[in-house]
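The figures here come from the full heavy-atom set of this structure, side chains too, leaving out hydrogens, waters and symmetry mates. The chains referred to below are lettered A, B, ... by the order of the sequence lines, with proteins before strands, and numbering in each begins at 1.
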Amino acid sequence: MTDNTQAHEGEPAYRYNAKLAQSIEEKWQKTWDEQGTFWAANVKGDLTDGNGKNADGRTPYFAMDMFPYPSGKGLHVGHPLGYLATDVVSRYHRMKGENVLHAMGYDAFGLPAEQYAVQTGQHPRVTTEQNIANMSRQLHRMGLSFDNRRSFATIDPDYMRWTQWIFSRIYDAWYDPDFIRRDGGKGSARPISELVDKFKSGAKPIPGFEGRAWDELDARQQADVLNDFRLAYISKSPVNWCPGLGTVLANEEVTAEGRSERGNYPVFQRELRQWSMRITAYGHRLIEDLDTIDWPEKVKLMQRNWIGESHGAAVHFPVASQDGEQDMEVYTTRPDTLFGTTFAVVSPEHELLEHVPSAWPQGVPEAWKGGYATPKEAVHAYRLAAEAKTAKDRVDEGGEKTGLFTGLYATNPITGKQLPIFTADYVLMDYGTGAIMAVPGGDQRDYDFAVKFGLPVIYTVKPLPGSNDDLANYEGKAPFVSHDGIVINSATDATFSKGDGLSLDGLRVDEAIDKVIGWLEAAGVGKGTVSYRLRDWLFSRQRYWGEPFPIVYDEDEVPHLLPDSMLPINLPDVPDYSPKTFDPQDAESNPEAPLSRNEDWVNITLDLGDGPKQYHRDTNTMPNWAGSCWYYMRYIDPKDAEHMVETDEFNYWMGPHHNKTAGESGGVDLYIGGVEHAVLHLLYSRFWHKVLYDLGFVSSSEPFHKLFNQGMIQAYAYTDDRGQYVPADEVEEGPAGPDGEPTFTWHGQHANREFGKMGKSLKNIVTPDYMYENYGADTFRLYEMSMGPLDESRPWNTRNVIGGMRFLQRLWRNVVDENTGEVKVSDDPMDEKTLKLLNNTIADVTVEMENMRPNTAIAKLIVLNNHLTGLKSTPRAAVEPLILMLSPIAPHICEELWNRLGHAESLAHEPWPKADERYVGQDTVTAVVQIKGKIRAKLEVSPDIAPEELQKMALEAVADRLGGKEPRKVIVKAPKIVSIVPAQ
RNA sequence: GCCCCCUUGGCGGAAUUGGUAGACGCAGUGGACUUAAAAUCCAUCGCCUUCGGGCUUGCGGGUUCGAGUCCCGCAGGGGGCACCA
């Protein structure tokens with residue numbers, strides 16, 4: 001590729017080229033730093049603006065990026081797109097006179113730093129801090145308008161202290177479903193002490209110890225009871241264990257194939273004692289409150305689906321066993337199909353399996369026994385087999401059902417019919433109740449199972465006449481689920497032995513569901529319930545590079561929370577930072593936390609208020625989502641040693657209605673980042689924020705009021721005919737071949753083009769440094785902002801960058817004489833045409849900026865600049881607003897021109913230009929005359945022409961086409977369109 | 001399998017509530033300037049055409065005076081979830 005951006009021989013001395021751009025950019029970056037140009041002003045204290053002033057009632061605007069992980073790999077041009085967008089918005093809001101909080105931190109705990117440390121033998125802190133310094137330099141060179149006093153990293157002890165403090169608050173809280181919140185809603189996190197008070201007073205029975213007084217329980221028993229209520233608790237249910245990574249993982253970090261998202265290792269379900277967070281308690285609020293925030297519908301939908309709230313019924317089925325009558329509770333979203341249930345299935349982990357009989361009942365088909373002599377043996381073997389399976393194995397079975405009869409029978413509470421109970425791994429223990437009533441007539445999975453084990457199929461629902469449902473399925477063998485169908489009982493009469501007056505005959509499905517639930521509740525055998533797909537959040541990891549838990553255990557393994565005064569709990573040195581990993585298939589391996597390798601740190605003597613005692617520390621660390629859960633608040637004052645965030649400052653920056661757009665939810669005004677965090681970071685963060693809201697530490701119910709997902713920058717990559725990647729910047733494009741596709745060559749060889757990501761291995765990386773070197777940061781910013789809509793992905797094409805450079809050159813030339821460096825603007829009044837164009841441009845660009853469409857804003861600025869280029873001399877009164885409007889996008893060149901035009905102050909806080917309404921709009925507009933939608937004439941008319949007059953002109957203009965006949969219909973939309981329907 | 005989104009010139013992309021499709025930029029073509037080249041400036045630039053016009057927003061229908069925009073069906077591409085009862 002020819003490089004035509006460097007200085008050329010004989011080029012004018014003051015031409016705006018890459019070299020001049022670099023010197024201008026570095027000069028202004030230095031000036032901005034020295035003058036505190038981008039400092040945001042807090043309500044009080046020493047975080048003032050650059051003039052030493054506090055907020056003083058100025059409107060706050062908080063714009064934020066998803067902070068980066070400081071990787072050592074360096075940036076490519078795809079990374080900073082979101083940062084540039086946020087910066088443009090921030091600069092625009094500053095010019096609107098708002099007090100803008102815009103800063104950048106680093107999400108610095110995590111795996112890559114740890115791996116790098118293992119390789120180099122250095123402490124992860126050393127390499128992480130180097131990476132932060134390097135990344136910070138690269139971002140600074142882009143001209144991002146951060147308040148650099150507010151930067152921090154999640155690994156800073158000052159920050160980690162508050163991460164641990166928040167954990168402590170969550171640990172020390174429970175979810176009181178009856179508590180009325182200050183926003184009027186029901187259900188709230190409350191201090192665990194309130195629960196203890198309820199136990200003490202007898203207001204709430206103690207689960208497992210009903211009728212006993214709280215003080216009669218020993219410490220171990222009390223701890224166990226409270227653990228079942230705490231919002232951060234030690235989980236005893238199966239967790240995702242990944243031997244290949246040597247750590248347990250959250251559900252969100254496990255793929256559908258049952259593998260780790262990072263590293264793609266198998267994941268096994270194991271019962272391990274691990275920290276978990278009760279995010280499920282917030283399932284409903286996390287869905288409901290999506291209505292209060294301004295997020296992309298796509299992300300809201302992903303969160304709704306992830307939480308997966310479903311409404312149904314819990315129904316109790318009595319089960320006779322040798323140990324007495326057992327209760328099997330099933331969850332169903334279709335209680336209307338209770339008449340069609342022909343068997344029941346429990347998950348292999350289900351408690352009911354403790355009660356299976358020691359011999360098969362009479363007449364059980366051999367296929368149900370799986371070749372085992374007794375139900376006990378069968379169930380035991382099946383449970384072991386299920387445990388050893390990964391989710392991947394289950395998927396590989398491709399829906400093929402496995403299972404066994406348990407020897408038990410349940411009684412259908414409506415029909416009184418006896419149903420055989422099976423166990424099968426298609427029923428999951430951690431969804432619903434771990435037990436289902438199988439309705440093979442209405443569910444594909446149940447149907448498959450019924451076919452395999454020769455179980456009866458009953459249809460209870462039939463389609464409405466004229467519905468879209470597939471009648472063939474209903475009449476035939478396959479399961480049939482109708483959504484607008486009616487429930488009938490004529491087909492199922494024979495199966496009733498007890499109807500108790502309940503008839504669903506002729507009802508729509510939704511009506512039938514309501515009626516059944518009513519019947520179940522009245523009969524005391526079931527009730528309407530809500531179920532969630534969302535699971536509690538597994539919160540501990542067996543890693544070195546993360547936040548330690550502020551928890552110690554006494555000799556009886558009773559956990560104790562360390563007092564806030566002992567925070568932060570810093571990471572100890574250990575002989576080896578690497579995780580203990582295992583054969584990826586070794587499901588029986590056990591996690592080993594690296595922190596346990598420093599026994600001097602683990603074992604401590606502490607006085608927790610009852611004299612010095614021996615304790616050992618929790619050796620897990622928090623997942624790296626912990627630090628990113630609350631960092632937005634810390635920008636408000638990262639050095640605050642007294643609070644996580646101070647109340648007045650929080651209310652000013654993030655409280656409900658802190659500015660016009662914040663709404664009742666409050667939160668960060670604009671949060672820009674990738675859509676890949678839709679259900680991880682963004683869900684966890686909302687959860688923590690709501691807990692802190694419930695406990696009264698923050699006044700906003702949501703962390704981020706407006707979310708924006710920037711698109712990805714994609715890139716072409718090229719391979720030679722052997723399929724090896726060749727450097728993209730050495731490939732030349734030839735003319736289009738006969739198929740219309742251009743041909744590509746690399747050093748004379750044929751090359752193939754493919755389209756995808758930018759990456760080192762694809763040999764198509766373009767770095768910001770390359771852009772600074774060849775074009776300057778302003779051209780780089782301008783190009784990224786002009787490529788297309790911010791929320792869409794688009795291909796990088798270095799060849800197109802030159803267009804932006806030419807625009808800046810022309811602007812420069814309109815102000816500065818290229819040969820002498822003299823400013824050459826005119827102070828004479830501008831002509832009418834320029835005046836109109838200027839004011840229309842101001843009006844249009846303002847709208848584009850408000851709607852975050854820099855691409856179209858840029859197009860309009862180019863039009864104005866091209867017009868100025870054609871004038872004999874550039875009017876100052878036109879070029880100054882142009883410079884101001886361009887400055888959020890290309891700030892350095894604009895500062896330089898502004899300065900050369902005689903302004904001593906930075907333009908960063910200069911008021912955004914305001915259009916003079918007298919000059920907005922057109923002198924004449926082109927009205928089109930359509931006949932049956934085809935344009936037949938164009939008329940130049942006044943914008944406020946009367947419709948009657950326009951109609952008259954239009955009819956005259958196309959009179960010859962109408963052949964003298966009166967048109968059948970004429971639609972006039974003055975001043976733009978006249979649409980004529982001619983007579984037949 | 002279920003759910004969501006996208007599809008406009010050679011390319012990136014513009015187009016209020018349905019109202020002149022192709023703003024702006026890249027590439028291309030012709031010209032000016034120059035010894036020459038670069039840079040710069042001017043013009044041109046969807047397709048077809050018998051020069052009247054006709055066609056054109058992935059494909060096929062529909063609603064409408066009028067559809068890139070709304071509705072139905074299909075194709076291609078991308079994303080999310082996936083034995084969730």
Side-chain angles (χ1 to χ4, degrees), chain A residues 2 4-5 8-12 15 17 256-257 296-299 301-302 304-306 308 310 312 330-334 337 345 391 394-395 397-401 424-428 430-439 442-446 448-449 531-535 675-676 678-679 733 735-736 740-742 782-783 786-789 792-797 799-804 806-807 809-810 813 818 847 853 855-863 866 869-870 925-935 938 967-973 976-982:
Chain A
T2 51
N4 47 19
T5 55
H8 294 280
E9 227 172 301
E11 197 173 52
R15 169 154 296 173
N17 56 25
E257 284 79 38
E297 274 310 314
K298 179 190 158 100
V299 176
L301 190 69
M302 282 167 72
R304 281 192 197 101
N305 289 343
W306 186 263
S310 84
V330 307
Y331 174 74
T332 176
T333 54
R334 292 294 299 275
T337 61
V345 186
R394 294 189 183 191
V395 169
E397 287 166 4
E400 179 67 23
K401 296 292 173 287
D425 63 8
Y426 82 91
V427 175
L428 310 174
D430 54 358
Y431 184 77
T433 59
I436 63 159
M437 53 175 233
V439 185
D443 183 285
Q444 185 68 49
R445 296 154 302 176
D446 295 346
D448 293 345
F449 196 87
S531 202
Y532 295 92
R533 206 192 75 99
L534 180 71
R535 307 287 194 270
V675 72
E676 65 273 18
V679 286
E733 184 172 341
E741 291 293 315
L782 185 65
Y783 175 60
S786 67
M787 288 166 83
E792 276 173 33
S793 295
R794 54 320 251 306
W796 177 269
N797 209 333
R799 203 170 57 167
N800 291 357
V801 173
I802 189 67
R806 285 184 191 142
F807 166 45
Q809 271 176 354
R810 274 197 285 269
R813 211 163 25 233
E818 284 189 315
V847 172
R853 290 191 298 246
N855 54 326
T856 47
I858 290 166
K860 282 160 182 161
L861 294 172
I862 292 176
V863 171
N866 285 350
T869 305
V925 291
T926 310
V928 293
V929 185
Q930 296 180 342
I931 296 176
K932 289 167 82 176
K934 303 253 183 252
I935 295 160
K938 292 185 183 184
R968 192 151 59 94
K969 196 172 178 186
V970 180
I971 292 129
V972 182
K973 297 277 173 190
K976 301 197 79 173
I977 300 275
V978 179
S979 189
I980 298 166
V981 191

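Taking for each of A:Y532 and A:R853 the nucleotide of RNA chain B with the nearest heavy atom, the 5'-most of the two is the partner of A:R853. Annotation: of the two residues near RNA chain B, A:I862 and A:I436, the 5′-most nearest-nucleotide partner is A:I862.
Residue A:K298 contributes atom NZ, which lies 10 Å from atom P of B:C5 at whole-angstrom precision. The distance between atom CH2 of A:W306 and atom P of B:A82, rounded to the nearest whole Å, is 5 Å. Between A:L861 atom CG and B:A14 atom P the separation is 16 Å, expressed in whole Å. In this structure, the CD1 atom of A:I858 is 10 Å from the C1' atom of B:G25, given to the nearest Å. Taking atom CD of residue A:E297 and atom P of nucleotide B:C4, one finds them 12 Å apart after rounding to whole Å. The CE-P distance, from A:M787 to B:A14, rounds to 12 Å in whole Å.
Paired regions of RNA chain B, where each region holds three or more successive Watson-Crick or G-U pairs whose two hydrogen-bonding distances fall under 3.5 Å, are B:1-7 with B:75-81, B:10-12 with B:24-26, B:28-32 with B:40-44, B:46-48 with B:53-55, B:58-62 with B:70-74.
Not a single donor-acceptor contact under 3.5 angstrom links the side-chain atoms of A:K860 to the base of B:C24.
When distances run from any side-chain atom of A:T333 to the nucleotides B:G13, B:C26, B:A85, the shortest one goes to B:A85. The side chain of A:R794 lies closest to B:G12, out of B:G12, B:G80, B:A85. Comparing B:A14, B:C4, B:C83 against the side chain of A:P789 picks out B:A14 as the nearest. Of the candidates B:C65, B:C83, B:G13, the closest approach to any side-chain atom of A:V981 belongs to B:C65.
Separation of the C1' atoms belonging to B:C11 and B:G61 is 32 Å when rounded to the nearest angstrom. Spacing of C1' atoms, B:C45 relative to B:G62, comes out at 36 Å, to the nearest Å. Going from the P atom of B:A14 to that of B:A85 covers 40 Å, rounded to whole Å. Only the P atoms considered, B:A36 is 38 Å distant from B:U49, to the nearest whole Å. Rounded to whole Å, the C1' atom of B:C71 lies 26 Å from the corresponding atom of B:G1. B:A27 and B:G46 have their C1' atoms separated by 15 Å, with the value rounded to a whole Å. Between the C1' atoms of B:A43 and B:C55, the separation comes to 27 Å (whole Å).
Between A:Y331 and B:A85, a side-chain N or O to OP1/OP2 separation shorter than 4.0 Å is absent. OP1 or OP2 of B:C41 has at least one side-chain nitrogen or oxygen of A:R813 nearer than 4.0 Å. Taking side-chain N and O atoms only, A:N855 has a distance below 4.0 Å to OP1 or OP2 of B:A14. Considering only side-chain N and O atoms, A:R15 lies nowhere under 4.0 angstrom from the phosphate OP1 or OP2 of B:A38.
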Polar pairs (N or O, both sides) under 3.5 Å between protein and nucleotides 17-22 of chain B?
| residue | atom | partner | partner atom | Å |
| --- | --- | --- | --- | --- |
| B:G19 | N2 | A:Q930 | OE1 | 3.1 |
| B:U20 | O2 | A:K938 | NZ | 3.1 |

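A:S793 comes within 4.0 angstrom of the backbone, heavy atoms only, and of no base. Residue contacts for A:R533: at a heavy-atom cut-off of 4.0 Å it reaches a base atom on one of the strands shown. Among the protein residues, A:S310 comes within range of the sugar-phosphate backbone only, with heavy atoms under 4.0 Å from sugar or phosphate atoms but none that close to a base. Among the heavy atoms of the strands lying under 4.0 Å from A:R810 are primed sugar atoms or P, OP1, OP2 only; no base atom is included. Residue contacts for A:D446: at a heavy-atom cut-off of 4.0 Å it reaches no nucleic acid atom on any strand shown. Among the atoms of the strands shown, only primed sugar atoms or phosphate atoms (P, OP1, OP2) are found under 4.0 Å from some heavy atom of A:N866.
Side-chain contact of A:D446 with A:Y426: a donor-acceptor pair under 3.5 Å is present, judged by distance alone.
Applying the 90° criterion around 0 to the glycosidic angle, B:G68 comes out anti.
Under the ring pair (Phe, Tyr, Trp, His ring centres under 6.0 Å) criterion, A:Y331 pairs with no residue at all, not counting sequence neighbours.
Heavy-atom minimum distance, A:A678 versus A:V299: CB-CG1, 3.9 Å.
A donor-acceptor contact shorter than 3.5 Å links the side chain of A:Y783 to the backbone of A:N797. The backbone N or O of A:P789 sits less than 3.5 Å from a side-chain atom of A:R794, completing a donor-acceptor pair.
Atoms CD1 and CD, from A:I802 and A:Q809 in turn, are 6.5 Å apart once rounded to the nearest 0.5 Å.
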